[in-house]
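Just so it is clear, the structure is predicted and the values come from calculations on it, not from any experiment.
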Amino acid sequence: MKEKTKILGVSIDKVRLDRLLNQTQIYLNHEAFRMIYFTSMKTILQAEEDEKFKTFLEQCDYVISADRTLEEQVYEDKNSQKERMLLAQCYLERLLVRMNKNRASLYMIGTDQEELDHLMNNLKQSYSSISCFGSCIEEETKEDAIDFIINDINAAAPDVMFVLMKGILAMEFIEENRTRMNVKLCLCIGEAEDEVLQEIGFETEIPSWVKKLKLESLYYRFFHGIKLRHTLLKRVFQHKMKEQEEQKDRESKDEYNKNI
């Protein structure tokens, strides 16, 4: 039986890397659609407010932490080293190495064509034996375009699919199309921390076009805003966690008083 940790009502798997990799190999040896969700503070806070999204997470084969603050809560590691790789990061690295060795196929679904092309190019450079395909889904993507993408996925028949969409968007795409897709393993990784996504070639350093246009100061200001939002999100998350602990303490005291 899998060990889970409940964070604000959302169950997250407390799993060892070797067990997760072994289970992944079992999934890849069969034809059934399996799903692993890389979760973050934002995912948890969203699921707390959206019962449908929470149910979707519960139906995943694994929900693993892909955020350092969240991982500290799941594994009760209050002395986490910043340099230490996260479970999701180690898993993604080892998975890609195995896929490269086995000449496996990968399909990526994103919402930004330029970013998708960049990630695919980086993956091909690092893992040349992986057959890599991809499609972009934008907000205005029509139903017939979705059908075309599903047909493209099925023609590729990938071993693994990376869904780069976030939260509700990822849920809606998978719920509407999972029975139509010839995919063995789906990884929802859109809300993982940047350090996890670096394993697939995601970069946060200044792009060359920004340097050419001498827009470094504007770029730094933009990413400073991202870090600020992450800090605010962390404060909200930690406040919610504190409220949860206080509620547990009150319930324990009430139960104790009843038994006296």
Side-chain angles (χ1 to χ4, degrees), residues 13 15 19-39 43 53 55-64 66 88 91-113 115-117 119-124 126-138 141-192 196-197 199-202:
D13 289 289
V15 60
R19 178 175 176 79
L20 186 59
L21 286 166
N22 289 340
Q23 194 61 51
T24 296
Q25 192 56 53
I26 292 172
Y27 293 158
L28 293 176
N29 289 337
H30 296 81
E31 298 301 322
F33 184 95
R34 298 289 190 167
M35 186 164 48
I36 297 176
Y37 201 103
F38 284 30
T39 190
T43 312
F53 186 41
T55 300
F56 169 75
L57 293 175
E58 290 172 352
Q59 293 171 345
C60 293
D61 294 281
Y62 278 94
V63 175
I64 63 173
Y91 170 71
L92 205 51
E93 178 189 49
R94 299 275 281 277
L95 175 63
L96 288 168
V97 168
R98 284 191 182 187
M99 289 177 66
N100 194 59
K101 181 180 178 181
N102 296 328
R103 298 183 176 275
S105 53
L106 170 67
Y107 203 101
M108 300 176 72
I109 294 282
T111 55
D112 184 311
Q113 189 64 55
E115 179 184 79
L116 189 63
D117 291 340
L119 293 179
M120 288 177 65
N121 182 60
N122 282 354
L123 273 172
K124 287 175 183 176
S126 301
Y127 304 98
S128 58
S129 294
I130 294 178
S131 298
C132 197
F133 310 90
S135 291
C136 183
I137 296 180
E138 300 173 352
T141 301
K142 306 300 182 187
E143 188 174 338
D144 56 345
I146 295 290
D147 290 340
F148 178 85
I149 290 171
I150 297 301
N151 289 336
D152 191 50
I153 292 171
N154 291 336
D159 298 294
V160 180
M161 181 168 71
F162 288 170
V163 176
L164 300 170
M165 294 176 286
K166 299 181 179 181
I168 302 298
L169 280 177
M171 177 191 73
E172 290 176 346
F173 172 75
I174 291 169
E175 285 197 329
E176 290 171 9
N177 301 293
R178 65 182 298 164
T179 59
R180 301 200 293 157
M181 293 189 292
N182 184 14
V183 177
K184 294 178 181 177
L185 177 63
C186 173
L187 266 61
C188 298
I189 63 176
E191 291 185 346
V196 176
L197 295 178
E199 295 302 328
I200 62 169
F202 181 84

Side chain to side chain, Phe33 and Ile174, heavy atoms closer than 4.5 Å
yes

Is the backbone N or O of Glu191 less than 3.5 Å from a side-chain atom of Lys166, with the two atoms forming a donor-acceptor pair by type?
no

Do the side-chain N and O atoms of Tyr62 and Thr24 include a donor-acceptor pair separated by under 3.5 angstrom?
no

Kindly determine whether Leu21 and Arg98 satisfy side chain to side chain contact (heavy atoms under 4.5 Å, CB included), including the steps that lead there.
CA-CA 10 Å; Leu21 286 166; Arg98 284 191 182 187; 3.8 Å; yes

Would you check, one step at a time, whether the test side chain to side chain contact (heavy atoms under 4.5 Å, CB included) holds for Thr43 with Val63?
CA-CA 11 Å; Thr43 312; Val63 175; over 6 Å; no

Ile146 and Ile137: side chain to side chain contact (heavy atoms under 4.5 Å, CB included), yes or no, with the steps?
CA-CA 8 Å; Ile146 295 290; Ile137 296 180; 4.0 Å; yes

Sequence neighbours left out, what passes side chain to side chain contact (heavy atoms under 4.5 Å, CB included) with Ala88? Give chain and number order.
Phe38, Ile64, Ala66, Val196

Between Val183 and Met161, what is the shortest heavy-atom contact and its length?
CG1-CB, 3.8 Å

To the nearest 0.5 Å, how far apart are CG in Leu187 and CZ in Arg34?
13.5 Å

Test item: Thr111 and Leu164 side chains (from C-beta on) under 4.5 Å apart, heavy atoms:
no

Side chain Ser128, main chain Lys124, donor-acceptor under 3.5 Å
no

Please report the closest heavy-atom contact between Ile153 and Met181, naming both atoms and the distance.
CD1-SD, 3.9 Å

Rounded to the nearest 0.5 Å, how far apart are CG of Asn22 and CD1 of Ile26?
7.0 Å

Sequence neighbours excluded and cut-off under 3.5 Å, please list the side-chain donor-acceptor pairs for residues 103-110, or say none.
from, atom 1, to, atom 2, distance (Å)
Ser105, OG, Asp159, N, 3.0
Ser105, OG, Asp159, OD2, 3.2
Tyr107, OH, Ser135, OG, 2.5
Tyr107, OH, Asp152, OD2, 2.4

Can you tell if the side chain of Val163 reaches within under 4.5 Å of the side chain of Cys186, non-hydrogen atoms only?
yes

Side-chain heavy atoms of Leu185 within contact of Asp61, under 4.5 Å
no

Once side chain to side chain contact (heavy atoms under 4.5 Å, CB included) is applied, do any residues pair with Asn182, and if so which ones, sequence neighbours excluded?
Glu31, Asn154, Ala157

So, do Met35 and Arg178 sit near enough that their side-chain heavy atoms are less than 4.5 Å apart?
yes

Suppose we screen for side chain to side chain donor-acceptor pair (under 3.5 Å). Which residues come up paired with Gln23, at least two apart in sequence or across chains?
none

SG/Cys188 to CG/Leu57 distance, rounded to the nearest 0.5 angstrom?
9.0 Å

With side chain to side chain contact (heavy atoms under 4.5 Å, CB included) as the criterion, how do Leu20 and Asp13 come out once you've worked through the C-alpha distance, each side chain's angles and the decisive distance to 0.1 Å?
CA-CA 10 Å; Leu20 186 59; Asp13 289 289; over 6 Å; no

Does any part of the side chain of Leu96, heavy atoms only, come nearer than 4.5 Å to the side chain of Tyr91, both counted from C-beta?
no

Which residues satisfy the side chain to side chain contact (heavy atoms under 4.5 Å, CB included) test with Asn100, sequence neighbours excluded?
Tyr127, Ser129, Ile130

As an exercise, state the distance from CG of Asn122 to SG of Cys132, rounded to the nearest 0.5 Å.
10.5 Å

Where Phe53 and Met171 come nearest, the two heavy atoms and their spacing:
CA-SD, 3.7 Å

Considering residues at least two apart in sequence or located in another chain, which fulfil the side chain to side chain donor-acceptor pair (under 3.5 Å) criterion with Gln25?
Asn29

Check Phe133 against Met120 and note the closest heavy-atom contact, atom names and distance.
C-CE, 3.5 Å

Heavy-atom donor-acceptor pair, Asn177 side chain to Arg180 backbone, under 3.5 Å
no

